[in-house]
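Single-structure report; data block below.
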Amino acid sequence: MLELRNINYETGDFNLKNINFSVGEGEYFVLLGPSGAGKSVLLELIAGLTYADSGNISYKGKDYTDAPAWKRPFGLVFQDLALFQHMKVYDNIAYSLKRHNLRKDVIKQRVEELSKELEIFHLLYRKPDSLSGGEQQRVALARTLVQKPSVLLLDEPLSAVDVTLQHELRALLRMINRNGVSIIHVTHSFEEALAMAQKVSIIENGNIIHTGTTLEVFERPKSSFIANLSGHRNFFKVKVSHETNSNLLKAEVTPGNLIYCYGEPSIKEGYALINQENIVLSIDKPDLSTRNNFHGIITDLHPSRHGFEISIDAGIRLHVQLTAESVQKFNLEQGSKIWACFKASSVTLID
Amino acid sequence: MLKSTWPELFQVSQNRDVQESILLTLAASMLGTLLLAIPGIPLAYILARKQFPFRSFVIGLVDLPVVIPHSAAGIALLGFLSRDSFVGGGMAHLGVDFIGKPAGIAMAMAFVSLPFLLNAAREGFASVPIRLEQAALNLGATPSQVFFTISLPLAWRSILSGLIMMFARGMSEFGAVVIIAYHPMTSSVMLWEWFGAYGLKYARPIAVLVILISLIFFVLLRLLSKNNVPVSRKKRKIKNA
């Protein structure tokens, strides 16, 4: 287990304050926060590229707080990848192995095996600057993975690639994680955190303000900052199946509670996101074209920045923002029955 | 210069003293460049990458040999290398004499031209992204391995350019060399002597010969450095064109 205890770090106008978290063996841990929150610095501290003013970093009980970078078992993939442009892809990947004076045939075998696994074998004798963004990303991953790091540190690994490639890379990272590599993944994207994390920490201005599972952190955000960061309160872990004779997908939240949506047919499990603005409320059963119509009870109604936020229990729990005028007009209160409707096309499905 | 005829140039080139002085100049400058490059290149890296007290002062000090009169630099060096000094005396015990010797000429040439190498190499190292060095550290490379596998290859073009400039500037040195060693004569000292002893007519052909040889070496080394441009950069240049 990797543990960070009471880490403090100050540089100019930026501070990390009393950082504490741990990452278990084989865990996929996501550190989520806006730009400038201190995420990348935290990774550099773990990797030993900079040193904390106080606190401890340990792995499997061994203290690495003052260990030099080249003696730490943590592999970092930089946001800008930092590939060695003066070397071919093969030499980039073989770099760490050559430092350990392994035999040439052993190095060749390890590089070729990994490059086949990451589907970059055909690129081995090209220079990095002739590769596409996705190919470079895979090379950077291979270069770090070949040294078999105990913990893989990823700094915004999906930020510079297009949506299709994000999909592929997510699958690749999951595969790496399934092979037993613990991962710390830094991102500013809520959707990325939701898609990847087993455990998530939210970092704001150098402080970790909440740690837990994605459901714990986002469904019951501890602060308006987390709620704003996610921008979504309505998200559900779902199992996806096809609607017969249709391109609609059925996303099952719990047995009997289905959300209809569109998305990648290959997705079997994931998260369904519904933007609050796309939910229409009605006291009477509405006569609408919406595919998702839930009848439920208002379980909570409390003032918010835009008027009121109501929580509806309709088999699934939905959260909707309403103006004070609407609450008054429909005479809404805790216990009121209400219909919540939204289109299948307004649901975002994340794998 | 154009008044020198080919037969005059040929005749001068056959003169044994002239041949020896030109060879001495080339060899001493090359030796001085290579010897001082060994501590100079790591020093340039330290100046580019490390923060330490009086760093700016040291960077300023590097340029000193360029701004002071070279005869004064020669006298300063004489105090440092003469048998009476700590360094010169110590080296004399090891059998290395500087004053009036090719080793002294090499040191004089290198001392006044070292800033060309230091500044070019420092800029070259500074232009290497720190991220790449950090990536190498993270991949298990020690700082010295990072220097030889990342920093040095990526800054090599600037370093090579600095080495060529140092060598070329060393060849042309007169002021410091004449203080350390009038004999054996380098080509610039010989030019000075021939001009003083025999006048312009006799000094001109040797001047033309020295200029021609210096130009040939300079152009050859520049071409060599161009051939060291990484292939990917060559491609980019062609694309841009």
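Quick note on labels: first sequence line is chain A, next is B, and so on, each numbered from 1. It should be emphasised that the depicted structure is a prediction, and the values quoted were computed from it without experimental measurement.
Residue contact with chain B, scored on non-hydrogen atoms closer than 4.5 Å, is absent for A:L97.
Between B:S85 and B:L81 the shortest side-chain heavy-atom distance does not fall below 4.5 Å.
Stacking of B:R49 on the aromatic ring of B:F147 is not recorded, the 6.0 Å distance cut-off and the 45° axial limit not both being met. Under the 6.0 Å distance and 45° angle rule, A:K88 does not count as a cation-pi partner of A:Y125.
Enclosure of atom NZ in A:K98 by more than 12 non-hydrogen atoms of other residues, nucleotides or ligands within 6.0 angstrom is indicated. Enclosure of atom CZ in B:F52 by more than 12 non-hydrogen atoms of other residues, nucleotides or ligands within 6.0 angstrom is indicated. The 12-atom threshold is exceeded at OH of A:Y90, counting heavy atoms of other residues, nucleotides or ligands nearer than 6.0 Å.
Each of A:R178, A:R174, A:H185 was compared with A:Y28 under the side-chain hydrogen bond (donor to acceptor under 3.5 Å, both in side chains) criterion, and only A:H185 meets it. Under the side-chain contact (heavy atoms from CB on, under 4.5 Å) test applied with A:K17, the options A:N6, A:I208, A:N207 reduce to a single match, A:N207.
Judged by distance alone, with hydrogens and angles left aside, the side-chain atoms of A:Y51 form a donor-acceptor pair with the main-chain N or O of A:A67 at under 3.5 Å.
Of the inter-residue distances, the one linking B:L77 atom CG with B:F80 atom CZ reads 8.0 Å to the nearest 0.5 angstrom.
When the heavy atoms of residues 103-114 of chain B are compared with those of chain A, none of the residues falls under 4.5 Å. Using non-hydrogen atoms only and a strict 4.5 Å limit, the part of residues 122-132 of chain B facing chain A consists of B:R131, B:L132.
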